[in-house]
Amino acid sequence: MTVETRPAPKLHRAWLIAGAAFVALLASAGFRAAPGVLIDPLHQEFGWSRATISSAVSVNLVLFGLFAPFAAALMERFGIRRVSATALTVIALGAGGTVFMTASWQLVLCWGVLVGLGTGSMAMGFAAMVAARWFVRSRGVVTGVLTAAGATGQLIFLPLIANLAVDSGWRTASLVIAIAALAVVPVVLLVIRDHPADVGTTAYGAPADAEVARPAPRTGSVRRALSVLGQAARTRTFWLLAVGFAICGATTNGLVGTHFVPAAHDHGMPQTTAASLLALVGVFDVVGTIFSGWLTDRVDPRILLGVYYALRGLSLALLPQLFTGSVQPSMWAFILFYGLDWVATVPPTVALCVRAFGDAGPIVFGWVFASHQLGAAFAASAAGLVRDQLGNYTLAWYSAAVLAVIASAASLAISRAKKPVAVLAT
């Protein structure tokens with residue numbers, strides 16, 4: 001009697017694509033993790049004010065956000081692989097270029113413009129594009145995992161950058177980031193493919209009778225991005241998402257990501273200790289974002305956003321009382337909670353964009369993410385100015401808490417989309 005054995009199912013190519021995308025996002029997160037650690041070393045060496053240095057961070061954050069929707073459109077035109085490989089190279093040029101700077105405008109050029117454009121191309125729109133093209137099943141979880149890549153990059157790079165900046169100088173730290181970005185380029189070129197049809201398959205979880213066909217490349221990337229914005233901006237849903245995500249950026253990348261380390265240092269905490277705490281935010285962020293992706297597949301995304309923002313506001317209102325020269329249990333509690341909440345907002349926001357705008361969802365999310373970075377840029381500059389004028393960050397923390405409550409209300413006000421808004425295919 002012969003026993004029929006079935007071959008083990010092969011791993012779907014989508015998971016390899018997601019893995020390579022995770023590594024690419026991991027590397028691009030490195031230089032975005034640097035500003036909070038390098039503010040004091042740059043201030044000490046060049047004598048630039050914190051407001052001046054924060055202005056370079058603001059340029060970085062603005063371009064990081066504003067270029068994201070154009071990058072998504074460029075990926076539709078030229079492919080995910082080519083755009084992401086080019087972006088990593090630009091990040092490396094910007095990071096390496098800071099080694100030679102002698103004036104603050106060069107900081108703005110390298111740290112602000114080049115790295116801003118490079119990381120903008122590797123922003124959340126990239127994650128949304130990969131998830132939307134390669135996954136039908138588990139899309140929320142994959143979005144969460146790719147979003148968590150930024151936090152994981154922060155986890156890896158922040159302590160490394162802080163220790164290098166202290167032991168070997170900030171130039172060494174910048175060179176390490178440049179090398180890391182370049183090292184990922186071969187991974188992107190060898191593994192990532194633009195569409196499932198490129199390897200003769202369909203998206204993971206697609207119906208069995210789904211057609212294996214590659215959509216025709218779109219021309220006019222700039223026009224495509226702007227036309228999507230024009231039509232999305234006519235909807236109430238877009239503006240509620242944009243307001244909420246702008247506040248999300250202000251309360252994460254702009255304020256905590258940029259100013260937590262110098263704020264803790266103001267209270268006597270060693271810079272390396274504060275950087276390690278911020279890196280721990282990345283540890284818990286991985287768990288929180290993946291779990292948020294799982295929840296997004298099961299719970300109304302509007303409710304999730306409302307809860308996330310409300311709890312974030314509460315934690316920011318308590319933060320000014322938690323800073324001391326050493327790490328107390330209350331600060332550990334803040335780091336745990338804030339890490340779980342940091343970018344847990346991304347999976348439900350992506351889901352709402354795709355639900356409301358269909359195939360144009362990744363580009364719409366690119367524009368929503370642009371608002372995230374505008375909010376972050378404003379907060380980075382405003383908090384630096386508050387610190388220069390008042391001598392502490394207290395007003396910045398309380399203002400952010402109020403904004404988070406507003407974001408919660410905006411999210412809960414989003415109406416459930418009955419069908420996606422039709423968007424021009426041009």
Side-chain angles (χ1 to χ4, degrees), residues 10-34 64 67-68 70-99 110-111 114-135 142-143 145-158 160-161 164 171-201 203-204 214 217 221 282 286 362:
K10 294 174 62 177
L11 180 69
H12 195 284
R13 182 62 180 264
W15 294 111
L16 296 177
I17 303 297
F22 183 92
V23 173
L25 288 165
L26 190 85
S28 70
F31 205 71
R32 288 192 288 110
F64 177 57
F67 196 67
F70 296 100
L74 285 171
M75 288 177 186
E76 286 188 343
R77 174 67 180 88
F78 297 105
I80 299 172
R81 182 171 60 161
R82 279 189 283 181
V83 172
S84 55
T86 301
L88 288 165
T89 304
V90 172
I91 292 170
L93 289 174
T98 59
V99 172
C110 293
W111 195 346
L114 291 179
V115 176
L117 291 174
T119 54
S121 300
M122 298 297 298
M124 302 303 178
F126 169 68
M129 182 73 72
V130 171
R133 281 194 176 182
W134 282 91
F135 291 86
V142 171
T143 303
V145 171
L146 294 182
T147 302
T152 307
Q154 176 175 289
L155 162 65
I156 293 172
F157 282 107
L158 259 178
L160 176 63
I161 294 169
L164 285 174
R171 288 178 176 83
T172 302
S174 295
L175 286 175
V176 168
I177 294 167
I179 293 169
L182 284 177
V184 180
V185 172
V187 176
V188 169
L189 293 176
L190 290 173
V191 179
I192 288 184
R193 293 296 180 268
D194 300 325
H195 195 275
D198 292 345
V199 289
T201 187
Y204 178 73
R214 193 185 196 285
S221 300
V286 173

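The first residue in the sequence is number 1, and the count goes up from there.
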Closest non-hydrogen atom pair, L175 against G96: CD2-CA, 4.4 Å
Looking at F135, F22, W134, which hits side chain to side chain contact (heavy atoms under 4.5 Å, CB included) with V142? F135
Dump the intermediate steps for side-chain contact (heavy atoms from CB on, under 4.5 Å) on S121 and F67, then the final yes or no. CA-CA 7 Å; S121 300; F67 196 67; 3.1 Å; yes
Within this structure, what is the CD1-OH distance for the pair I17 and Y204, rounded to the nearest 0.5 Å? 15.0 Å
Drop me the distance from L93's CG to L88's CG, to the nearest 0.5 angstrom. 11.0 Å
Which atom names give the shortest non-hydrogen contact between V185 and T89, and what distance separates them? CG2-OG1, 4.0 Å
What are the two closest non-hydrogen atoms of S174 and V99, and how far apart are they? CB-CG2, 4.4 Å
Can any side-chain N or O of R81 pair as donor or acceptor with the backbone N or O of L189 at less than 3.5 Å? yes
Nearest 0.5 Å, what's the OG1-CZ distance between T98 and R171? 8.5 Å
Hey, what do you get for NE2 (H195) to CE (M129), rounding to the nearest 0.5 Å? 10.5 Å
Can you tell me if R133 uses its side chain to pair, donor with acceptor, with the backbone of D194 under 3.5 Å? yes
Taking atom CD1 of I177 and atom CG of L164, what is their separation to the nearest 0.5 Å? 9.0 Å
